[in-house]
Protein chains: 4
Amino acid sequence: MKELSPRQLEIVNLAIELIAEKSIQGLTIKNLSKKIGLSEGAIYRHFNSKFDILLTILSSFLQEADKSLQNVCESDNSALDQIESVFMYNFNRFTERPAIASVIFSESIFQNDNRLSVEVLKLLDKHESTLKCIIENGQRNGEIRVDIQCDKLISMIIGSIRYTVTKWRLTNFEFDLINEGRILLESIKKLIKK
Amino acid sequence: MKELSPRQLEIVNLAIELIAEKSIQGLTIKNLSKKIGLSEGAIYRHFNSKFDILLTILSSFLQEADKSLQNVCESDNSALDQIESVFMYNFNRFTERPAIASVIFSESIFQNDNRLSVEVLKLLDKHESTLKCIIENGQRNGEIRVDIQCDKLISMIIGSIRYTVTKWRLTNFEFDLINEGRILLESIKKLIKK
Amino acid sequence: MKELSPRQLEIVNLAIELIAEKSIQGLTIKNLSKKIGLSEGAIYRHFNSKFDILLTILSSFLQEADKSLQNVCESDNSALDQIESVFMYNFNRFTERPAIASVIFSESIFQNDNRLSVEVLKLLDKHESTLKCIIENGQRNGEIRVDIQCDKLISMIIGSIRYTVTKWRLTNFEFDLINEGRILLESIKKLIKK
Amino acid sequence: MKELSPRQLEIVNLAIELIAEKSIQGLTIKNLSKKIGLSEGAIYRHFNSKFDILLTILSSFLQEADKSLQNVCESDNSALDQIESVFMYNFNRFTERPAIASVIFSESIFQNDNRLSVEVLKLLDKHESTLKCIIENGQRNGEIRVDIQCDKLISMIIGSIRYTVTKWRLTNFEFDLINEGRILLESIKKLIKK
DNA sequence: CATGAATGAGTATTCATTCAT
DNA sequence: GATGAATGAATACTCATTCAT
């Protein structure tokens, strides 16, 4: 992915806020230009289309996840600690920028366009493959119980993270996501350890 | 909720299909009228607004869930069997009509309008309260482990169901949801039983 | 004009109310049918078109005015008393059914369709010719001053009546139209008598 | 009121013509855009809504009247001359732009929307208060007869002006409004002077 | 007589995008 | 780079009218 210019970065960031505030229907060029303080035409100097903005958003998320999850599985930490890293990476990120949660969990929104839904799938895959690596290692070295299929453990872990974040969003970010996330993490640890 | 006329039922059902096919953006009165083979104006003889159609869809889902989950917790079955009922209710339903899954998991889509998002929340609540009843009973009578908070077990169960269905959708319904669901169910049972 | 059936009369009367309440834009077949408690289609049993309803309204007004003003000028009363008759005819009528005022003074509304504006003009003409007859007689027999053209006196009389009624409507019928009308009448009398 | 851009002025002026030609029902965005030679959407670059266009029209009329009638009563002219100013202001204006008459006398058209009818009432009030000032001065200094209430004189003056203009419109501007207006003015002068 | 469903044209408004300046 | 004007297609919804039942 090409480097983004400062203006492009600004557009992308405000687009994310806009989606968070008013859902994807609120992301119009008009709204965006108002938020940025540029004319509508000006936006097209920086992106060829609205689609490109969306693609850039998703790509940047993917890139970020790639970078952050890349070495988790290769580290020397225990499997359970590695899972903790995945948990905390997500909960910290969403707490810092709740708008990201709104965008990431809006797959259905992007299913319109295949080129966008592919990016969403890549993001899920990144998490799945990281967890797969962690869990398989953990099962091999006796840290994690083996009487349950690895992919089912993954579904449970990702599913419970996603559901917790979804409820956090639907309740307007009322509860402390990191706190709840930590309790959830401990529960998961208890459940899956050998 | 009032009885729906046959035409209303037809509109509602085709609207659900439309959302499933093209996401909420695809649910336009024009698309809908084309699908039904009526003029656009004709739809307004049966519903006052597009909003009403959406509300009817969500209400019918809620009503259905109410009816189906109502007595689960009161039955004489074991807690684990009751959980199985919740699982199979959902997986059977989605397998029969995949479009429903697309609509139900589109909360972000409805967050635009409070009156709609309230309905979505009610649906989640129905599932949560059913599971809460089941699990608390199970913990009390020694069927379910007590070292993990009830609400975290709920997050894991609902989360993993939702995530499994989401992946099923994103992979264009390629795998057998009921099969996978059954394996997931067994995994969950193993994890939470005492 | 043909006799109106009871149903036609009902439709015409409720149409007048509707125009009074919501101006001509509020007169839709849907609104009308709701007010009558009939279906929309049913209205077309009684009138061929919305236009016909409007025409019937205006014609009935004209007919009524014809009947009531017909003999005023031929009576043995003095000119000033005859003018009083014209005044009181109008103010009594509007007080009894304010809706009529709303419709009658909405010429601009009917100017769309020539066939309708012709009816409105006939109504004005009826008043003008009645007053012309009265005033010319009055000027001839020395009751009314002759230093002012007859048609200018007419403009002043009709104009002041219309303006008083217009203000009455615009202030939501707050003041007593008959009272104010009587004072206006006395003023006019003073001004025009020899 | 903000300065209008040339395009806005063009839109407002053509909207006035449109109302004059086809009454308020003829003022649709489609008609307007056709008349201007722009697309419908383009109009929304210049006004936020049709309502705004209407409001701008009425406000400009009010502003114009405010400016023109402001100093009439404060001048050193005799009361009768001041009344002549009010007369000629109106008749000149309507002769120059007959469309204005069509809009101004369409109160019933704007009664739908309170924010619009308020503007129309302000316009009437401006005329009333100007005349009230003139007549009261005239009655005080012996120019105008005192045996008739001031507000009744006002009703007669405004009423006869309005009615004359209304007939002018309904007869498709056939007669010379300024001529007729002048005769009416002389008649009024004779009637009200002491 | 009356209903309810249906139509087709029309209504204000929004949107992504283009382009001359 | 940026603006402001413009476009054309789309959006939800309304309306007078028709017609089978």
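Only heavy atoms go into these numbers, but all of them, side chains included; no hydrogens, no water, no symmetry mates.
C:Leu116 is listed as a side-chain neighbour of C:Phe51, based on a closest heavy-atom distance under 4.5 Å. A 4.5 Å side-chain heavy-atom check between A:Leu124 and B:Leu170 finds at least one atom pair inside the cut-off.
Here the nucleotide nearest the side chain of D:Ser39, chosen from E:dG4, E:dA6, F:dA6, is F:dA6. Nearest nucleotide to the side chain of B:Ala42, out of E:dT7, E:dT3, F:dT7: E:dT7.
Nearest heavy-atom pair, C:Lys35 versus C:Leu14, reported as atom, atom and distance to 0.1 Å: O-CD1, 3.9 Å. Scanning all heavy atoms of the two residues, the minimum distance from A:Asn31 to A:Gly26 falls at ND2-O, 2.8 Å.
Distance check, rounded to the nearest 0.5 Å: OG of B:Ser23 to CD of B:Gln25 gives 4.0 Å. With rounding to the nearest 0.5 Å, the separation of NE2 in A:His46 from CD in A:Glu10 is 8.5 Å. In this structure, CD1 on B:Ile43 lies 5.0 Å from CD1 on B:Ile29, to the nearest 0.5 angstrom. Atom CD of residue D:Gln63 and atom NZ of residue D:Lys122 lie 11.5 Å apart, to the nearest 0.5 angstrom. With rounding to the nearest 0.5 Å, the separation of OG1 in B:Thr28 from CD in B:Glu40 is 7.5 Å.
Between B:His46 and the phosphate of E:dA6, there is a side-chain N or O to OP1/OP2 separation shorter than 4.0 Å. A close approach under 4.0 Å does not occur between any side-chain nitrogen or oxygen of D:Arg7 and OP1 or OP2 of F:dG4.
Here F:dT3 presents its P atom at 10 Å from CD1 of A:Ile43, a figure rounded to the nearest Å. For the pair D:Phe51 CZ and E:dT11 C1', the computed distance is 18 Å after rounding to whole Å. Rounding to whole angstrom units, CZ of residue C:Phe47 and C1' of E:dA2 are separated by 16 Å. A:Leu54 has its CG atom 10 Å from the P atom of E:dA16, to the nearest Å. Summarising the geometry, the separation between CD1 on D:Ile24 and C1' on E:dT11 is reported as 14 Å, rounded to the nearest angstrom. If you measure from atom NZ of C:Lys34 to atom P of E:dT3, you get 15 Å, rounded to the nearest angstrom. Remark: C1' of E:dA12 and CG of D:Asp113 are 14 Å apart, rounded to the nearest angstrom. The CG atom of B:Leu38 sits 11 Å away from the P atom of E:dG8 (whole-angstrom rounding).
Of the P atoms belonging to F:dT21 and E:dC1, the separation is 23 Å, rounded to the nearest Å.
Of the candidates B:Ile11, B:Val103, B:Ile53, B:Leu27, B:Val103 is the only one forming a side-chain contact (heavy atoms from CB on, under 4.5 Å) with B:Ile16. Among C:Ile19, C:Leu62, C:Ile100, C:Asn13, the single residue meeting the side-chain contact (heavy atoms from CB on, under 4.5 Å) criterion with C:Ile57 is C:Ile19.
Along DNA chain F, the nucleotide nearest A:Gly41 and the nucleotide nearest C:Asn48 are compared for position; the residue whose nucleotide lies closer to the 5' end is A:Gly41. When each of C:Arg45 and B:Gly37 is assigned the nucleotide of DNA chain E with its nearest heavy atom, C:Arg45 is the one assigned upstream, toward the 5' end.
Near DNA chain E, defined here as any heavy-atom distance below 4.0 Å, there are no residues from residues 9-20 of chain B.
An angle of 10°, rounded to 10°, separates the two end axes of the helix from E:dA2-F:dT21 to E:dT21-F:dA2, each defined over five pairs.
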Run the salt bridge (charged side-chain N to carboxylate O under 4.0 Å, His left out) test on A:Glu17 and A:Arg97 for me, step by step, so that the C-alpha distance in whole Å, both residues' side-chain angles and the decisive distance to 0.1 Å come before the verdict. CA-CA 9 Å; A:Glu17 307 290 337; A:Arg97 274 193 77 191; 3.6 Å; yes
Can you give me the N/O atom pairs linking the protein to nucleotides 10-12 of chain F at distances under 3.5 Å, or say none if there are none?
unit_1, atom_1, unit_2, atom_2, d
F:dA12, OP1, B:Lys50, NZ, 2.6
F:dA12, OP2, B:Ile29, N, 3.0

